[in-house]
Asker: 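Here it is, the structure in full.
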Amino acid sequence: MEKLQAIRGMNDILPEQSLGWQFLEACFHSVVKGFGYQEIRFPVLEQTQLFKRSIGAVSDIVEKEMYSFDDRNGDNLSLRPEGTAGCVRAADQHGLLYNQQQRLWYRGPMFRHERPQKGRYRQFHQFGVEAFGMSGPDIDVEVLQVAATLWNELGLTDHLTLEINNIGSADDRKKYSHALTSYLSTKLEKLDDDARNRMHTNPIRVLDSKNLDVQSALVEAPLLCDFVNENSKTDFKKLQELLNKLGIGFLENPRLVRGLDYYNNCVYEWTTDILGAQGAVCGGGRYDGLVQQLGGRATEACGFAIGVERLVLMLDSLDKIPANVLKPLDVYIAVIGENIELEGLKLSQAIRRKYPHLGVVCHCGGGKFNNQLKRAFKSGAEVAVILERDGEGDESLTHAKIRRLDESGDSRLEEIVDIPEKLGEFLKNSAS
Ligand code: HAM
């Protein structure tokens with residue numbers, strides 16, 4: 001029978017890779033905890049309307065990339081392509097937003113039907129933070145500080161650039177869109193089909209075009225920053241001052257517009273040149289209109305999301321995942337002889353109790369000493385404990401042999417110790 005394969009662009013994360021993911025998750029958890037953010041979990045499936053009304057009906061994500069279907073009741077549902085819309089829906093539905101301040105974080109899989117390549121997948125994962133009820137720019141800077149702290153913890157600061165832009169209010173962008181459409185209509189011969197469509201539906205998205213002809217047509221295009229209102233400019237200036245004073249480096253990129261429609265004022269991306277074309281590792285900004293747009297009361301909001309796969313790729317290529325994190329196991333207990341299973345299970349549990357930070361596996365399924373030792377080497381454990389019964393009795397064992405396992409497969413040390421005290425000491429000195 002033909003074997004079934006995973007869906008293209010949807011990756012399995014195998015045990016060896018999971019260790020790096022866990023390391024990253026632990027760092028993220030500790031950083032957001034340090035900033036007082038609280039976790040929120042919401043479903044991967046939502047009404048399609050939620051994404052249309054938030055990300056924008058004429059955005060690439062909604063037009064081309066959503067996994068949408070009618071369920072058995074005839075409701076049109078979509079797998080979430082991002083977390084902000086679901087987070088706002090959940091927080092508002094449960095009364096967390098009105099007249100309150102919230103600092104929230106989430107993580108989990110997102111789904112976009114994009115053309116898969118390195119760093120771009122159809123199921124990918126995000127860590128996100130969203131802050132509600134604060135007008136900024138201090139909170140925008142705090143949110144950026146969360147990301148900057150994470151990069152610092154991971155040793156990635158030198159490999160990431162923060163690009164920021166001020167896209168003003170919805171009104172500013174409306175005026176700008178008119179100006180841009182008029183300008184583009186004088187450059188039709190250089191526009192591709194996509195840009196010609198977009199210039200009427202969502203002209204600002206033309207700025208993002210990868211087509212070099214379109215880019216050359218944009219050289220003299222009006223700039224969004226010339227249409228931004230004064231309040232927004234003042235906030236943006238303050239934001240830059242705060243970033244400077246906190247030592248968070250940034251570049252101003254007047255062409256940065258983001259692919260989701262809900263933003264206003266400050267938007268940003270952290271990018272790297274290590275990942276080729278998929279260089280955006282984190283993106284976000286302010287979205288003060290979204291809660292109201294989804295039926296709630298006007299609530300200020302800002303946040304970002306990090307692409308976890310891209311971060312893992314970065315950590316791998318820069319060798320930044322610490323070696324001890326990649327060690328799956330500390331102790332492997334081999335059990336030789338008759339009626340030995342219970343002793344093995346008891347001893348491994350005693351070690352776990354006494355040294356909760358150690359990973360302990362007790363061999364199961366029987367087999368000869370040599371085979372068990374091979375498995376011990378293969379397991380990646382640092383130490384093998386060998387429990388051996390010579391006769392057929394079932395009295396408790398008082399001794400174990402211990403072998404330090406090194407990568408070459410040699411056993412360097414063999415020692416007999418009392419169980420459990422001395423064994424504990426040996427482990428304390430040998431396994432970290
Ligand atoms: P986004 O820029 O669409 O923003 O996605 C955030 C990050 O998710 C990107 O910078 C990238 O690292 C990662 N990402 C996006 N698409 C893919 C993909 N197909 N494969 C792998 N990684 C991907 C948002 O999603 C907003 N919700 C961020 C936000 C939160 N804004 C305010 N709050």
Side-chain angles (χ1 to χ4, degrees), residues 11-30 153-155 312 315-391 394-432:
N11 298 319
D12 302 308
I13 298 158
L14 301 178
E16 208 178 292
Q17 300 163 304
S18 289
L19 295 167
W21 280 66
Q22 285 165 13
F23 164 69
L24 195 52
E25 282 158 4
C27 280
F28 180 72
H29 288 174
S30 113
E153 297 281 304
L154 296 171
V312 171
L315 291 171
D316 273 346
S317 66
L318 295 166
D319 221 2
K320 294 280 186 192
I321 301 178
N324 66 336
V325 164
L326 297 174
K327 198 169 60 135
L329 193 65
D330 299 292
V331 181
Y332 194 98
I333 301 186
V335 282
I336 321 291
E338 298 289 315
N339 289 330
I340 190 79
E341 301 85 356
L342 180 64
E343 291 300 308
L345 294 168
K346 271 182 5 194
L347 176 63
S348 40
Q349 193 66 344
I351 299 171
R352 284 181 204 115
R353 286 227 176 90
K354 195 152 182 193
Y355 302 99
H357 64 286
L358 294 180
V360 184
V361 156
C362 181
H363 181 89
C364 292
K368 295 200 176 95
F369 174 72
N370 278 348
N371 286 340
Q372 293 198 28
L373 205 61
K374 266 189 212 154
R375 285 191 195 272
F377 275 116
K378 215 172 153 212
S379 74
E382 201 167 322
V383 173
V385 175
I386 298 137
L387 273 180
E388 189 162 13
R389 193 192 292 290
D390 290 335
D394 59 2
E395 69 283 1
S396 281
L397 291 175
T398 54
H399 290 75
K401 290 179 187 170
I402 293 182
R403 281 190 182 208
R404 221 182 273 275
L405 305 166
D406 75 14
E407 277 171 3
S408 66
D410 291 339
S411 64
R412 275 184 290 164
L413 182 79
E414 192 160 326
E415 214 177 77
I416 297 181
V417 291
D418 288 338
I419 300 172
E421 288 80 11
K422 286 202 180 155
L423 176 60
E425 262 174 35
F426 183 91
L427 289 169
K428 202 159 81 185
N429 295 332
S430 64
S432 55

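As the structure is a computational prediction, the values presented were derived from the model and not from experiment.
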Asker: Within this structure, what is the CG-CZ distance for the pair L326 and F23, rounded to the nearest 0.5 Å?
Answerer: 9.0 Å

Asker: Mind checking salt bridge (Lys or Arg N to Asp or Glu O under 4.0 Å) for E341 and listing every partner two or more places apart, or none if nothing turns up?
Answerer: none

Asker: Could you grab the distance from atom CG of L19 to atom NZ of K327, nearest 0.5 Å is fine?
Answerer: 11.5 Å

Asker: Could you measure the distance from the NZ atom of K378 to the CG atom of L373? Nearest 0.5 Å is fine.
Answerer: 14.0 Å

Asker: From I340 CD1 over to L345 CG, what is the distance, rounded to the nearest 0.5 angstrom?
Answerer: 10.5 Å

Asker: Provide the closest heavy-atom pair for G20 versus I321 in the form atom of the first, atom of the second, distance.
Answerer: CA-CD1, 3.9 Å

Asker: Would you call R403 and I386 a side-chain contact if the rule is heavy atoms closer than 4.5 Å?
Answerer: yes

Asker: Given 3.5 Å as the limit, does a donor-acceptor pair link the side chain of E388 with the main chain of G337, or not?
Answerer: no

Asker: Could you state the interatomic distance from CD1 (I351) to CD1 (I333), rounded to the nearest 0.5 Å?
Answerer: 4.0 Å

Asker: Would the distance check show the side chain of R389 and the main-chain N or O of E338 forming a donor-acceptor pair, the cut-off being under 3.5 Å?
Answerer: yes

Asker: Using distance only, find each side-chain donor-acceptor pair of residues 362-370 under 3.5 Å and give its atom names and separation, not counting sequence neighbours.
Answerer:
from: H363; atom 1: ND1; to: Y332; atom 2: OH; distance (Å): 2.8
from: H363; atom 1: NE2; to: G366; atom 2: O; distance (Å): 2.7

Asker: Do I13 and V312 have side-chain heavy atoms sitting under 4.5 Å apart?
Answerer: no

Asker: If you draw a 6.0 Å radius around CZ in R352, do more than 12 non-hydrogen atoms from other residues or ligands fall strictly inside?
Answerer: yes

Asker: Just verifying a value: how many Å separate C27 SG and Q22 CD, rounded to the nearest 0.5 Å?
Answerer: 12.0 Å

Asker: For G359 versus D330, what's the shortest heavy-atom pair and its separation?
Answerer: N-OD2, 2.7 Å

